[in-house]
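Notes follow the structure.
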2 protein chains.
Amino acid sequence: MNAPVSSPALTKNQSLVFDVLTRSDAPMSAYTILDKLRDHGFRAPLQVYRALDKLLEFGMVHRLESLNAFVACAHPESDCCAKGHGHGTVAFAICESCGHVFEFHDHAVDHRLGDWAKGKGFKPAKTTIEIRGICSSCAA
Amino acid sequence: MNAPVSSPALTKNQSLVFDVLTRSDAPMSAYTILDKLRDHGFRAPLQVYRALDKLLEFGMVHRLESLNAFVACAHPESDCCAKGHGHGTVAFAICESCGHVFEFHDHAVDHRLGDWAKGKGFKPAKTTIEIRGICSSCAA
DNA sequence: ATGACACACGTTATAGCATAACGCAATTGA
DNA sequence: TCAATTGCGTTATGCTATAACGTGTGTCAT
Ligand SMILES: [Zn+2]
Ligand SMILES: [Zn+2]
Ligand SMILES: [Zn+2]
Ligand SMILES: [Zn+2]
């Protein structure tokens with residue numbers, strides 16, 4: 001199993017941003033994070049974006065492209081092969097009702113897309129998989 | 001095979017936007033489209049966004065979430081099952097060097113994600129699959 | 001120590017993406 | 001004729017992200 005890219009001690013700003021994201025039960029935009037952190041001295045978007053850049057680099061946070069928002073990494077226990085983000089592509093299911101995000105990894109999908117790329121000579125750098133829909137709780 | 005949602009005759013604005021997208025060999029942002037159409041009387045972003053909304057609804061255009069940009073639909077011939085967008089999820093491979101977008105459909109991926117959703121009781125509404133990377137031409 | 005460098009930080013300004021809200025005109029169908 | 005619908009144009013606004021500047025701090029080789 002590959003290790004994460006790196007995970008040095010977080011700076012103050014990085015910790016603050018990560019804590020806010022971890023406590024949230026839904027994705028947050030950079031500006032929402034900013035508002036949550038004004039009491040802690042945050043004044044400008046760049047303070048958030050710079051922290052997010054690092055957290056993304058460390059694999060501790062994910063960006064949801066279809067929402068322009070961010071979530072703390074939350075692999076389910078079963079995704080042993082994706083621990084630390086050292087391997088494979090992560091997929092997200094996003095409930096449009098409650099906002100909850102399910103993060104998972106699927107080998108078959110991963111390999112299948114990899115095969116397509118190989119067949120075309122396409123070199124993947126980053127793959128985005130996001131399913132928008134309604135979660136079981138909200139559908140009930 | 002399912003038919004497209006609908007494809008009535010396009011209005012003038014819709015045709016203009018679609019033509020610009022069709023002629024382009026790379027995705028375009030709404031504002032880039034706007035600039036291309038100033039000579040045709042376009043003055044405001046809404047004119048573009050309203051046309052895009054309809055074209056998306058007709059399945060003639062796709063939005064690339066990871067780029068905040070749009071492409072004309074371009075199924076390869078082999079994707080017989082995805083013609084007209086009546087079935088399945090479309091995936092995109094986006095070259096970060098030349099900007100070219102490859103659109104394709106993969107049953108296995110589609111079904112695999114569907115199975116995950118079924119297992120979780122999640123009702124998918126729209127699925128985004130985008131591979132950012134380098135195409136074979138650019139890697140050579 | 002001193003200088004060079006890397007890196008996090010703070011601030012201001014700007015760029016880029018998207019929609020709200022208003023009103024008008026043409027079309028359609030009762 | 002009279003709604004109801006749809007497309008259109010305009011102005012204003014909001015949300016997302018980065019450029020460019022300078023400051024402070026720690027590390028490390030000289
Ligand atoms: Zn994760
Ligand atoms: Zn839900
Ligand atoms: Zn298509
Ligand atoms: Zn290329």
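The structure presented is a predicted model; accordingly, all values stated were derived computationally and were not measured. Here is the naming used below: chain letters follow the sequence lines, and residue numbers restart at 1 for every chain. Atom set for the values below is all heavy atoms of this structure, side chains included, hydrogens, waters and symmetry mates excluded.
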Take atom [atom1] of [X] and atom [atom2] of [N], then tell me their distance rounded to the nearest Å.
X        : N       : atom1 : atom2 : answer
His40(B) : dG9(D)  : NE2   : C1'   : 18 Å
Leu10(A) : dA8(C)  : CG    : P     : 11 Å
Gln47(A) : dT23(D) : CD    : P     : 17 Å
Glu65(B) : dA18(C) : CD    : C1'   : 13 Å
Asn13(B) : dG9(D)  : CG    : P     : 5 Å
Leu46(B) : dC24(C) : CG    : P     : 18 Å
Phe58(B) : dT6(D)  : CZ    : P     : 11 Å

Name the nucleic acid region contacted by Ala44(B), choosing base, sugar-phosphate or nothing; use a 4.0 angstrom heavy-atom cut-off, strictly under.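 Counting heavy atoms under 4.0 Å across all strands, the contact made by Ala44(B) includes a base.
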Could you check whether Arg50(A) gets within reach of a base, just the sugar-phosphate, or nothing at all, counting any heavy atom under 4.0 Å? base
Between [options], which nucleotide has the shortest distance from any of its atoms to the side chain of [X]?
X        : options                  : value
Asn68(B) : dC17(C), dC9(C), dT10(D) : dC17(C)
Thr11(A) : dT19(C), dA8(C), dT16(D) : dA8(C)
Gln14(A) : dC8(D), dA18(C), dC9(C)  : dC9(C)
Lys54(B) : dG9(D), dT11(C), dG7(D)  : dG7(D)

So for Tyr31(A) and dA17(D), does any side-chain atom that can act as donor or acceptor lie under 3.5 Å from a complementary atom in the base?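 Yes, the side chain and the base share a sub-3.5 Å donor-acceptor pair.
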Taking only Lys NZ, Arg NE, NH1 and NH2, and the carboxylate oxygens of Asp or Glu, determine whether Glu130(A) and Arg132(A) approach each other closer than 4.0 Å.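 Between Arg132(A) and Glu130(A) there is no salt bridge, as every charged N stays at least 4.0 Å from the carboxylate O atoms.
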